[in-house]
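Sequence lines set the chain letters: A, B, ... in the order given, protein chains first and strands last, and positions in each chain run from 1.
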4 protein chains.
Amino acid sequence: MASEKAADKRRSILEAATKVFAEKGFHASRVSDIASEAGVAHGLVYHYFDSKEQMLNELFSDRWSLLLAAMAEADETLETPREKLAAAAAFIVDSYRHQPEVMKVVIVEVTRAANSFGRIHLPEITRAYDQVASFVEQAQQKGEMRNDVSSTDASLLFFGAVEQFLSGWIFELVPANEEEFDRAKELVVDTIYRGLAPISEPVGD
Amino acid sequence: MASEKAADKRRSILEAATKVFAEKGFHASRVSDIASEAGVAHGLVYHYFDSKEQMLNELFSDRWSLLLAAMAEADETLETPREKLAAAAAFIVDSYRHQPEVMKVVIVEVTRAANSFGRIHLPEITRAYDQVASFVEQAQQKGEMRNDVSSTDASLLFFGAVEQFLSGWIFELVPANEEEFDRAKELVVDTIYRGLAPISEPVGD
Amino acid sequence: MASEKAADKRRSILEAATKVFAEKGFHASRVSDIASEAGVAHGLVYHYFDSKEQMLNELFSDRWSLLLAAMAEADETLETPREKLAAAAAFIVDSYRHQPEVMKVVIVEVTRAANSFGRIHLPEITRAYDQVASFVEQAQQKGEMRNDVSSTDASLLFFGAVEQFLSGWIFELVPANEEEFDRAKELVVDTIYRGLAPISEPVGD
Amino acid sequence: MASEKAADKRRSILEAATKVFAEKGFHASRVSDIASEAGVAHGLVYHYFDSKEQMLNELFSDRWSLLLAAMAEADETLETPREKLAAAAAFIVDSYRHQPEVMKVVIVEVTRAANSFGRIHLPEITRAYDQVASFVEQAQQKGEMRNDVSSTDASLLFFGAVEQFLSGWIFELVPANEEEFDRAKELVVDTIYRGLAPISEPVGD
DNA sequence: GATGAATGAGCGTTCATTCAT
DNA sequence: AATGAATGAACGCTCATTCAT
């Protein structure tokens, strides 16, 4: 009982941190902002976390491990490479749909922060890239994708596309609603699949 | 003469700032780091610039306006939408090729920094997005791209892909060399063009 | 019975405090260090003690009152001033022999801490100095010590010498073993006695 | 000129630190206390010093090196061991006479602080002890002191006595005036010399 | 008695910016 | 133009102490 409550409080502080990080960015977020968002004294933050940085690290790793797990499960349970890619895109988009603040922090403060947290979490990030690259290789082996594009580059294209949609929603460049979320998922996978389809005849020029 | 020297000094300070920002990120960069990189007293930085932020703002706007100009010129001088898109991709990639530090700062510290400088420069960033969207619309009107995808989304895909390649080079996830630069340019444009080609028959599954 | 247990717990906490204070010094010691050394929750410390300071105060006063009592008893039961001085030296050295941690705290954190606890406990400390001064006066009256040195100064010399031996052991400047303890006791008393012997003829130069 | 002024400012801050440390002790001294004592913004303290600790370290080492130099010089220029010991005692006492705050800090915050700065500066402290021990050995070789007392122990007695006088002045246990300073110097050396004189016949009992 | 969650005052340190020279 | 001394707001973090359970 008591420990459950403690865990709740810890979680509520981490949620407060997520909200504050999402709103103001990590650097502009003060520990006291987080504490008052959570409705606690700032000292309590340090009862549950070692530092402000640790909160972001944990926040990221918690979520990223879900993505890795989801992709691993998709790899095992789904049939086609395309379904697997679609599952990966769906997981990311749906994560944003349900918890935009978490994903905003994950994307903006970590995966795209080449000088700070991105560097720290590079191993985890790379694991996701590798998983998508593996999906691509499966597609290549099935003859569904062209072989002359490296799976690494294809994975880059995939994440670039998905993250940019999130970026667009975050920056409010494009509307963020249910329809758009679903459209984005399909568009990304469809475009990648068409764009990297085996080449029979030249397209465009 | 004297003013030329002054302009040189100013430029050398901005170059030092670029280097330092690229290495450590904006937040971790101290004005004194920039000053010592430039070989001047840190007070002198404030003779030429109002603030640390101003340096980044100027750095970004200088470069971004070149991109906007390049795209505008491409729009006027080049024939096909595909060539125009290719010119945009080439400009960005070649910018990185020649001045990776500038582009690292532009991408990492501004266009992807949704909570700080990205927000400030949103109008300029949007202008580039709109220009690419316009290229897409031209392609759509010529029947080279499917009409049921919004040009905005297509533009997002384009920038997502290009920036992710830069990200890959910055993070050292993929090798950064002449071949790769050229391959990336082509791959992005080709994939977008194929991926968004008018739909005749289903692809993939 | 219950109260005995309580008293035991209280004592074990004070012992833990002694150990921690001796190891890290009062300022570097955290209440939680003491609690975990004692194997209790740190809140419990405040059930038995008002504050961290109180623990040191009590620790010191407990021990110092034993010294005062020992010297008072020596004054009453022993014959010669020299025996009394020897008893005082022996008590201090043997205290260190048996409980080096307690004496380390007493000396380092209190009697030599002129800006904090030393000031607070000055009355008790002075009482010990006065007692030794009284022994000296007795020796002077018996003609065993020179009269032209104030008993206060002689007392200072005595404590300076004894404490410095403790210091030497604490700092590990000199070996701390049974032999040394006994040698130190004798050396201090002997040297003081010889050094302050009535002057018949010049010594040294 | 400019650098002279800068050096002056640095010195005035260190002097302010000395005064504040002497008054309140190192731990109770705030950097802002030092800054306002020096009449500067607290940020300036960090322009000249790395940390609060560095100020105490420098303060101590500056003074202690003077003591070591004085003793080395005494060793070279003076004739008799007794004169050398007297010079050592005189240097310490006169240091206190002229700059009681410096010496208070040196003694209270360093040489007697077994858990913090004393430990850090043990090598320097030991060097002084060794020098006095060397004086004692010289006296022993000249037959002026008993051989059966280790020079280390004798050195301990010497410093114990001298420091305890400083302690007495610091604690205001004994009056601190010119007469007393001179009396103390003589008393310490005289007592040590008599107390450790070669033994012909038993003294005291 | 006992726990440990919760509080919040307090401090060392950093660093962008200003300004006298 | 150029220097670097000087300022001071700001913040992360610690930890003694309190208190609900």
> Can you check whether B/Leu56 reaches B/Glu53 side chain to side chain, under 4.5 Å on heavy atoms?
Replying inline: no
> For D/Ile34 and F/dT7, what is the distance between atoms CD1 and P respectively, to the nearest whole Å?
Replying inline: 15 Å
> Please give, in whole Å, the distance from F/dG12 P to A/Phe49 CZ?
Replying inline: 15 Å
> Between atom CE in D/Met55 and atom C1' in E/dT13, what is the gap in whole Å?
Replying inline: 14 Å
>> Check the phosphate of F/dA10 against A/Arg30, side-chain N and O only, distance under 4.0 Å to OP1 or OP2. Yes or no?
In response: no
>> Can you confirm whether D/Lys19 is buried at NZ, in the sense that more than 12 heavy atoms of other residues, nucleotides or ligands lie under 6.0 Å from that atom?
In response: no
> What integer distance in Å separates B/His27:NE2 from E/dA16:C1'?
Replying inline: 12 Å
>> Closest-nucleotide mapping onto DNA chain F: is D/Ile13 or A/Leu44 further toward the 5' terminus? I mean the 5' end.
In response: D/Ile13
>> In this structure, how many angstroms lie between the C1' atom of F/dT17 and the OH atom of C/Tyr48, rounded?
In response: 18 Å
> Does D/Ser36 use its side chain to pair, donor to acceptor, with the backbone of D/Gly39 at less than 3.5 Å?
Replying inline: no
>> Taking only side-chain N and O atoms of B/His47, does any of them lie within less than 4.0 angstrom of OP1 or OP2 on F/dA2?
In response: no
> Does C/His42 make a side-chain donor-acceptor contact with the base of E/dA2, cut-off 3.5 Å?
Replying inline: no
> Is the shortest side-chain N/O distance from A/Tyr46 to OP1 or OP2 of E/dT7 below 4.0 Å?
Replying inline: no
> Given that D/Gly43 and B/Gly43 both sit by DNA chain E, which one's nearest nucleotide is further toward the 5' end?
Replying inline: D/Gly43
>> Just the rounded figure in Å: distance from P of E/dT3 to NZ of C/Lys9.
In response: 6 Å
> Would C/Glu15 and C/Arg10 satisfy salt bridge (charged side-chain N to carboxylate O under 4.0 Å, His left out), going step by step from the backbone distance to the final call?
Replying inline: CA-CA 9 Å; C/Glu15 279 167 10; C/Arg10 192 175 195 283; over 6 Å; no
> Under the 6.0 Å and 45° cation-pi test, does A/Lys52 pair with A/Phe26?
Replying inline: yes
> Checking B/Ser61 side chain against B/Glu58 main chain: does a donor-acceptor pair fall under 3.5 Å?
Replying inline: no
> For A/His27, does its backbone N or O pair with a side-chain atom of A/Arg30 as donor and acceptor, under 3.5 Å?
Replying inline: yes
> Starting at the 5' end of DNA chain E, which residue's closest nucleotide do you reach first, D/Ser32 or B/Ser32?
Replying inline: D/Ser32
> Mapping B/Val45 and A/Ser29 onto DNA chain F by nearest heavy atom, which one lands closer to the 5' end?
Replying inline: B/Val45
> To the nearest Å, how far apart are B/Lys52 NZ and E/dT17 P?
Replying inline: 8 Å
> If an axis is fit to five pairs at each end of the helix from E/dA2-F/dT21 to E/dT21-F/dA2, what is the angle between the two, to the nearest 10°?
Replying inline: 10°
> Could you give the CD-to-C1' distance, from D/Gln54 to E/dG12, as a whole number of Å?
Replying inline: 14 Å
